[in-house]
There are 2 protein chains.
Amino acid sequence: MTAPLRDAHPAGPGRGLPDTQQGMRRRNLARVMHTVSAEGPLSRAAVASRIGLTRAAVSTLVDELIRSGLLEELGPERPGRVGRPGSALAVSGRGPAGIGAEVGVDHLAVCAVDLRGQVRTRSVRHGANRGRAPEPVIAELTSLVRRVVAEAESEGLWPAGLAVAVPGLVARDARTVVRAPNLDWHDTDLGTLLPEDLPLTVGNEANFGALAELWLGDGTPHDFLHVSAEIGIGAALVVDGQLLRGTRGFAGELGHVPVRPDGPRCPCGGRGCLEQYAGEEAVLRAAGLEPGEDRVGLLAQHAADGDEAVRGALREAGQALGIALTGAVNLLDPEAVVLGGALAGLAPWLLPSLRDELARRTAGPACPVSVSGLGSQGPLLGAAHSVVRAVLDDPAVVGERA
Amino acid sequence: MTAPLRDAHPAGPGRGLPDTQQGMRRRNLARVMHTVSAEGPLSRAAVASRIGLTRAAVSTLVDELIRSGLLEELGPERPGRVGRPGSALAVSGRGPAGIGAEVGVDHLAVCAVDLRGQVRTRSVRHGANRGRAPEPVIAELTSLVRRVVAEAESEGLWPAGLAVAVPGLVARDARTVVRAPNLDWHDTDLGTLLPEDLPLTVGNEANFGALAELWLGDGTPHDFLHVSAEIGIGAALVVDGQLLRGTRGFAGELGHVPVRPDGPRCPCGGRGCLEQYAGEEAVLRAAGLEPGEDRVGLLAQHAADGDEAVRGALREAGQALGIALTGAVNLLDPEAVVLGGALAGLAPWLLPSLRDELARRTAGPACPVSVSGLGSQGPLLGAAHSVVRAVLDDPAVVGERA
DNA sequence: CTATTTCGTCATGGCGGTTTACAAATTAGT
DNA sequence: ACTAATTTGTAAACCGCCATGACGAAATAG
């Protein structure tokens with residue numbers, strides 16, 4: 001069925017769907033879900049005061065959500081104040097689940113996350129996928145998905161959708177991989193290869209990582225730039241809590257921002273792109289290391305051991321990142337820059353020169369640069385959570401099935 | 001009263017104001033206004049089918065809008081098809097008007113635009129403002145505003161708001177000018193200096209220019225990058241039909257994107273910023289011309305006359321712009337780049353090297369670069385139209401007054 | 001033990017869009 | 001010219017959704 005999970009509520013007045021009472025109801029159901037999900041167990045009265053509706057209205061909304069299995073009544077609250085205690089409501093731990101999947105260069109991973117945001121099942125398979133054809137890889141992924149779905153179902157969950165994180169550019173249809181250099185995939189429509197009974201969303205790994213940071217990060221603002229380096233160097237731009245995708249869905253190509261316009265040639269056609277200084281290959285070469293298996297781990301290891309060549313290479317990579325990010329920060333004025341993915345592990349050696357370069361080139365106070373706490377889990381979690389968010393954003397759709 | 005003209009309808013489900021029936025009505029009124037405004041005279045039935053409501057519902061909405069003076073009944077349509085001809089509806093030419101104002105480095109301008117988008121009155125005063133204190137300048141501007149408002153009123157219009165375009169950074173409150181280097185203004189609150197009986201919005205000149213391009217430009221997409229050069233070099237980013245403002249409202253500082261990281265020092269603290277190559281002063285210096293009065297006109301004149309020094313300087317500026325824009329395009333994946341403001345006049349000599357540089361550094365087809373057709377009128381028109389858009393976006397607010 | 005406060009629910013009402021029906025105004029066909 | 005078909009705009013009845021106000025229930029304060 002492949003329902004459109006995203007963009008259900010376009011912004012701006014005048015545009016968008018006609019405003020009928022059903023739409024109103026749907027939005028109010030979503031408000032209740034978001035409020036309960038974000039602020040823990042809450043009584044009906046508390047929800048009502050937060051979203052600005054009356055207790056009576058919230059009562060009927062909650063009834064509907066409980067009938068759909070999206071909310072649960074936990075029983076009476078501990079009475080601390082005067083007055084009748086409310087009945088605590090919480091997001092259900094047995095309703096729909098978001099299935100997240102990740103196609104990495106040398107692993108596959110799938111997990112199921114319930115509406116509460118808890119990871120309930122997880123399944124990983126190691127093994128290099130570089131250069132393998134899409135069909136066998138996706139077949140393997142499909143079997144992992146089926147296993148995770150089965151386990152989730154045995155815990156009383158049912159899958160509301162599947163989101164797949166891929167290390168490459170994904171078209172705006174959220175189904176076809178336009179280009180994944182590290183897998184050597186081109187124009188591959190995953191919609192035809194994955195189980196068809198689940199609404200599917202395919203997305204860029206870095207984008208899902210950024211969303212994970214937005215939704216799960218501790219103190220992450222909702223205007224930031226998330227930089228990661230799995231496939232080349234990618235940035236995900238989050239503006240006002242929304243991912244900026246670009247016309248063709250290619251936004252965030254930080255790796256090909258010119259750093260030194262007369263620098264070395266880049267396969268993209270340009271010269272002196274960031275990737276020529278801070279890309280994996282470039283850093284390994286500058287560090288004098290052979291490209292091998294776990295290349296990022298290798299770099300971190302050597303850097304930690306005090307290898308000066310490696311440290312110098314990372315210092316210069318940080319500097320190049322700082323230059324490119326200066327441009328990005330000047331253009332976008334984000335609240336923060338967050339380093340994620342592989343960069344997070346190398347942060348100790350990248351950050352000093354990066355911050356230095358950024359500060360030197362900024363007039364006022366420099367944009368704060370932090371490191372993601374999610375590590376390599378970001379993309380997978382972001383994918384799974386994107387399905388969960390879609391349910392919270394429009395509970396009515398899912399309510400029909402339960 | 002200074003009502004919030006913007007951001008009345010925040011994006012995303014779950015957030016925003018509670019969804020009550022009155023809000024629904026307001027949004028539907030807005031839909032009707034937008035539809036009629038965008039698609040010319042339309043019958044009630046045509047509006048209904050476009051926005052997806054029933055004819056009956058649209059009838060009552062239209063009645064209300066006509067009573068408020070926002071819509072006009074033009075009379076029966078020419079019947080071309082079978083069936084009863086509809087009664088054509090058009091946006092009123094006598095209701096509210098948007099007052100736009102512009103504080104330029106050497107001029108002041110004010111105009112009134114009606115809901116149809118027609119400029120109805122205009123008033124300009126030449127004279128250098130560089131270095132003058134804000135108070136006398138704004139006093140002068142106020143008298144222009146009063147004159148334009150009086151003229152507009154004599155034509156049956158009433159002012160719905162005032163938007164002021166300023167060559168500098170404006171804080172997110174849309175009232176205070178944080179920094180306007182070319183005027184030498186700092187932290188100036190225009191809210192206290194301008195007539196208080198009009199809802200006020202102060203905005204950056206380049207941003208208003210971009211909005212004008214978005215709303216009035218011929219074939220302008222709704223994802224683009226608008227580059228202009230009045231104060232240094234500014235870019236306005238329009239994403240999905242909305243201006244990207246940045247956390248502090250400082251987004252779009254293209255002028256300080258690093259082009260050559262080891263280039264000449266820039267007052268901003270950086271090195272080799274775009275402004276050091278394509279800024280007004282830099283180009284004049286490279287061209288061997290003295291900074292005088294109408295510097296842009298001077299450059300265009302000499303370039304047209306075949307002055308090779310000037311042409312060379314502009315060629316290099318275009319090249320630098322191309323490098324900086326490569327970065328921006330890689331980050332944002334816009335549908336187009338539009339040159340506006342002073343750059344539009346110099347486009348014939350900037351474009352070749354700019355396009356060349358951009359194409360050379362892009363893998364696929366390069367992002368198309370075009371020139372704004374609005375010329376120097378952009379900011380003023382954008383300001384006035386922003387008020388008009390605010391009325392279209394929420395007709396109910398204004399309806400109360402009529 | 002009573003007064004007070006707060007919670008959840010119910011009955012009532014208002015508001016807003018839909019449905020259904022119908023008159024008005026045009027074209028197409030005989 | 002007259003009828004049938006089509007489309008428009010409006011009115012009346014209806015339904016859905018939230019607000020209002022009242023009420024019982026369950027706690028605290030005195």
Side-chain angles (χ1 to χ4, degrees), chain A residues 16-32 35-36 41-67 71-90 395-396 399-400, chain B residues 16-32 35-36 41-67 71-90 395-396 399-400:
Chain A
L17 300 171
D19 227 329
T20 160
Q21 294 181 319
Q22 290 149 53
M24 186 166 98
R25 183 82 178 166
R26 278 168 64 167
R27 284 188 297 275
N28 280 335
L29 287 169
R31 273 195 183 76
V32 171
T35 310
V36 174
L42 241 43
S43 69
R44 289 169 175 76
V47 172
S49 77
R50 270 164 236 243
I51 65 182
L53 295 177
T54 59
R55 296 198 308 266
V58 170
S59 254
T60 74
L61 291 164
V62 166
D63 279 357
E64 190 174 334
L65 291 168
I66 289 179
R67 271 198 309 280
L71 284 184
E72 263 176 22
E73 192 126 29
L74 297 184
E77 286 175 327
R78 289 270 162 280
R81 307 174 306 287
V82 65
R84 171 179 166 178
S87 177
L89 298 167
E400 290 162 17
Chain B
L17 299 170
D19 226 330
T20 158
Q21 308 187 73
Q22 290 147 52
M24 183 166 102
R25 183 82 179 167
R26 278 168 64 169
R27 284 188 297 273
N28 280 335
L29 288 169
R31 274 193 183 78
V32 172
T35 310
V36 175
L42 241 44
S43 70
R44 289 169 175 76
V47 172
S49 76
R50 270 164 234 244
I51 65 181
L53 294 177
T54 59
R55 296 199 310 269
V58 170
S59 254
T60 73
L61 290 164
V62 166
D63 280 357
E64 190 173 333
L65 291 168
I66 288 180
R67 272 200 308 280
L71 239 40
E72 261 175 24
E73 192 126 30
L74 296 183
E77 286 174 329
R78 289 269 161 282
R81 309 173 304 289
V82 61
R84 169 179 167 180
S87 176
L89 298 168
E400 291 163 15

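Note that these values count all heavy atoms, side chains included, but never hydrogens, waters or copies made by symmetry. Every chain is numbered from 1, with letters handed out A, B, ... down the list of sequences.
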**Heavy-atom side-chain contact between D19(B) and R26(A) under 4.5 Å** = no
**Request:** Would you tell me if any nitrogen or oxygen in the side chain of S59(A) comes within less than 4.0 Å of OP1 or OP2 on dG8(C)?
**Result:** no
**Message:** Distance check needed: dG9(D) P versus D63(B) CG, whole Å only.
**Reply:** 11 Å
**Item:** S59(A): side-chain hydrogen bond (donor to acceptor under 3.5 Å, both in side chains) partners, not counting sequence neighbours
**Value:** none
**Request:** Identify whether any heavy atom of A45(A) sits under 4.0 Å from a base atom; if not, whether one sits that close to sugar-phosphate; answer base, sugar-phosphate or nothing.
**Result:** sugar-phosphate
**Asked** Can you check the R26(B) CZ to dC15(C) C1' distance for me, whole Å?
**Response** 16 Å
**Message:** Is it true that S43(A) and R84(A) share a donor-acceptor pair across their side chains at a distance under 3.5 Å?
**Reply:** no
**Pairing residues for R50(B) by the salt bridge (Lys or Arg N to Asp or Glu O under 4.0 Å) criterion, not counting sequence neighbours** = E39(B)
**Complete:** note: L61(B), atom CG; dG9(D), atom P; distance rounded to Å ~ 14 Å
**Asked** So, does the side chain of R55(B) form a donor-acceptor pair with the base of dG9(D) at under 3.5 Å?
**Response** yes
**Prompt:** Got a sec, which residues hit side-chain hydrogen bond (donor to acceptor under 3.5 Å, both in side chains) with E77(A), two or more places apart in sequence or on another chain?
**Reply:** none
**Asked** What pair of heavy atoms forms the shortest contact from A396(B) to L29(B), and how long is it?
**Response** CB-CD1, 4.2 Å
Under 3.5 Å, which N/O atoms of the protein pair with N/O atoms of nucleotides 14-17 of chain D?
| from | atom 1 | to | atom 2 | distance (Å) |
| --- | --- | --- | --- | --- |
| dG16(D) | N2 | Q21(A) | NE2 | 2.5 |
| dG16(D) | N2 | Q21(B) | OE1 | 3.2 |
| dG16(D) | N3 | Q21(A) | OE1 | 3.2 |
| dG16(D) | N3 | Q21(A) | NE2 | 3.1 |
| dC17(D) | O2 | Q21(B) | NE2 | 3.2 |

**Request:** Check side-chain hydrogen bond (donor to acceptor under 3.5 Å, both in side chains) between S87(A) and all other residues, then give those that pass, not counting sequence neighbours.
**Result:** E73(A)
**Prompt:** Can you check the R78(A) CZ to dA26(D) P distance for me, whole Å?
**Reply:** 16 Å
**Message:** What I'd like to find out is whether the side chain of R44(B) reaches to under 4.5 Å of the side chain of V47(B), using heavy atoms alone.
**Reply:** no
Write down the protein N/O and nucleotide N/O pairs, taken from nucleotides 26-30 of chain C, whose separation is under 3.5 Å; answer none if there are no such pairs.
| from | atom 1 | to | atom 2 | distance (Å) |
| --- | --- | --- | --- | --- |
| dT26(C) | O2 | G83(B) | N | 3.2 |

